[in-house]
Amino acid sequence: MIEARHLRVLRAVAATGSFSAAGRELGCTQPAVSQQMKALESSVGTPLLVRGGREMRLTQAGEALVRHAAGILAGLTAAEEEVAAIAGLRAGRVRLVSFPSGSSTLVPTALAALRAAHPGTRVSLEEAEPPRSVELLREGDCDIALAFRYEGAANAEEWEDLVVRPLLTDRLVGLVPQGHRLARTRSIGIGELAGEPWIAGCPRCRGQLVRVCESAGFTPRIDFATDDYPAVVGLVGAGLGVAVLPELAIESVRPKGVRMITVEPVVHREIVALTLPDLAQVPTVAATLDQLTKAATR
């Protein structure tokens, strides 16, 4: 294997014409130059210099290696500078995947703070609900995934191989039309909505809704299902049904024509930022995780 330090010595020898002059240029001794040249010749398996009296010249292989050395060393220097910039947060990128209500609430605050602190850092954002967002992280298609899981979920161990940064705990609240019979009630048991038409959210939220309702003794009649939280609010506001949504989702829209009601039993979901153990050591990823944490404690 050719080492960069050996290439630098070879270039110095070729430029100065002797080991002693190369040593003076490089700030080392003549025997050290000679030793490194022998190591380089051993690595490539062929002589690179012809030594004759006071004169020293390159072999054909030596000339070829010197010709390539400039580009190789320039590339290494550029790589070192780029890595140093990334390590110092003067450059770098983070690929972030988030579920929609996280994208509209936590992410903007976090990314604005990140840009202000580290203007050279670039962040890309895509939207995906868990478990797809977690799959994208494991497949190498993102660096950080915002995800959530409900309390008591059977798949609570699904993140054991990941670095989990807890952000906040989000409560589900009920939504009913303003003219609904329960609109002025502050708190209800979910069983009181047993006969209502329902508007359901994302597949995971939909599954959680069915489980909670079935534990209360009924199966919800889901008339509409949409991943678009403003659409859920709009459908409830139009009197087409009732819903339960995370508070974080309601925060991201302007609820018109609806009333929010505390629903018993209270259901929480845990909001987290996930990354891979090796990625957690990357400065840009670590800085983004810190800003997401700060955004969640606003």
Side-chain angles (χ1 to χ4, degrees), residues 1-97 111 114-115 117-126 136-145 161-163 275-291:
M1 182 178 292
I2 298 175
E3 297 185 26
R5 61 192 178 100
H6 292 158
L7 288 179
R8 291 189 178 97
V9 171
L10 175 64
R11 289 188 69 200
V13 171
T16 62
S18 72
F19 285 172
S20 56
R24 286 193 297 272
E25 182 176 300
L26 296 171
C28 59
T29 64
Q30 185 268 345
V33 172
S34 178
Q35 184 179 11
Q36 292 199 47
M37 285 305 307
K38 288 179 181 178
L40 179 56
E41 289 179 324
S42 177
S43 295
V44 298
T46 188
L48 301 173
L49 296 167
V50 177
R51 303 162 181 84
R54 293 184 178 181
E55 184 183 3
M56 186 173 295
R57 60 184 176 83
L58 294 169
T59 65
Q60 185 178 0
E63 290 175 350
L65 197 52
V66 168
R67 193 166 60 249
H68 288 286
I72 293 170
L73 293 173
L76 283 172
T77 299
E80 289 169 353
E81 290 176 354
E82 184 174 346
V83 169
I86 293 170
L89 289 171
R90 300 190 305 277
R93 67 165 188 170
V94 178
R95 298 168 298 164
L96 177 63
V97 171
L111 297 194
L114 183 69
R115 176 173 290 183
H118 309 291
T121 298
R122 294 181 295 109
V123 182
S124 63
L125 173 65
E126 292 185 25
L136 290 171
L137 176 63
R138 290 196 175 105
E139 291 167 0
D141 292 324
C142 71
D143 304 309
I144 297 174
D161 60 320
L162 305 174
V163 173
T275 191
L276 298 172
D278 288 341
L279 286 174
Q281 309 304 315
V282 176
T284 48
V285 173
T288 305
L289 290 173
D290 289 343
Q291 294 298 346

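The basis for the numbers below is simple: all heavy atoms, side chains too, and nothing from hydrogens, waters or symmetry mates.
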Contacts under 3.5 angstrom, residues 19-33 side chains, donor-acceptor by atom type, not counting sequence neighbours:
residue : atom : partner : partner atom : Å
Ser20   : OG   : Ser18   : OG           : 3.4
Thr29   : OG1  : Ala32   : N            : 3.2

Enumerate, atom names and distances included, each donor-acceptor pair closer than 3.5 Å involving a side-chain atom of residues 58-69, sequence neighbours excluded.
residue : atom : partner : partner atom : Å
Thr59   : OG1  : Pro47   : O            : 2.9
Thr59   : OG1  : Leu48   : O            : 3.3
Thr59   : OG1  : Ala61   : N            : 3.4
Thr59   : OG1  : Gly62   : N            : 3.1

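Of all the heavy atoms in Ala145 and Cys142, the pair that sits closest is CB-SG, 4.4 Å. In plain terms, the two heavy atoms of Ala286 and Ala280 that are nearest each other are CB-O, 3.8 Å.
With rounding to the nearest 0.5 Å, the separation of CD in Gln36 from CG in Leu10 is 11.0 Å. Expressed to the nearest 0.5 Å, how far CZ of Arg93 lies from OG1 of Thr121 amounts to 12.5 Å.
In summary, of the residues considered (Leu89, Thr288, Thr284), a side-chain contact (heavy atoms from CB on, under 4.5 Å) with Leu114 occurs for Thr288 alone. The only member of Asp141, Ile144, Leu137, Leu136 that meets side-chain contact (heavy atoms from CB on, under 4.5 Å) when paired with Val97 is Leu136.
Between the side chain of Thr275 and the main chain of Asp143, a donor-acceptor pair closer than 3.5 Å is present. Side-chain atoms of Ser42 never come within 3.5 Å of backbone atoms of Lys38 as a donor-acceptor pair (strictly under, hydrogens ignored). For Arg138 (side chain) and Leu162 (main-chain N/O), no donor-acceptor pair under 3.5 Å exists by modelled atom type.
For residues 3-15, the side-chain hydrogen bond (donor to acceptor under 3.5 Å, both in side chains) pairs, not counting sequence neighbours, are Glu3-Arg5.
Residues Val9 and Met37 meet the side-chain proximity criterion, which asks for heavy atoms closer than 4.5 Å.
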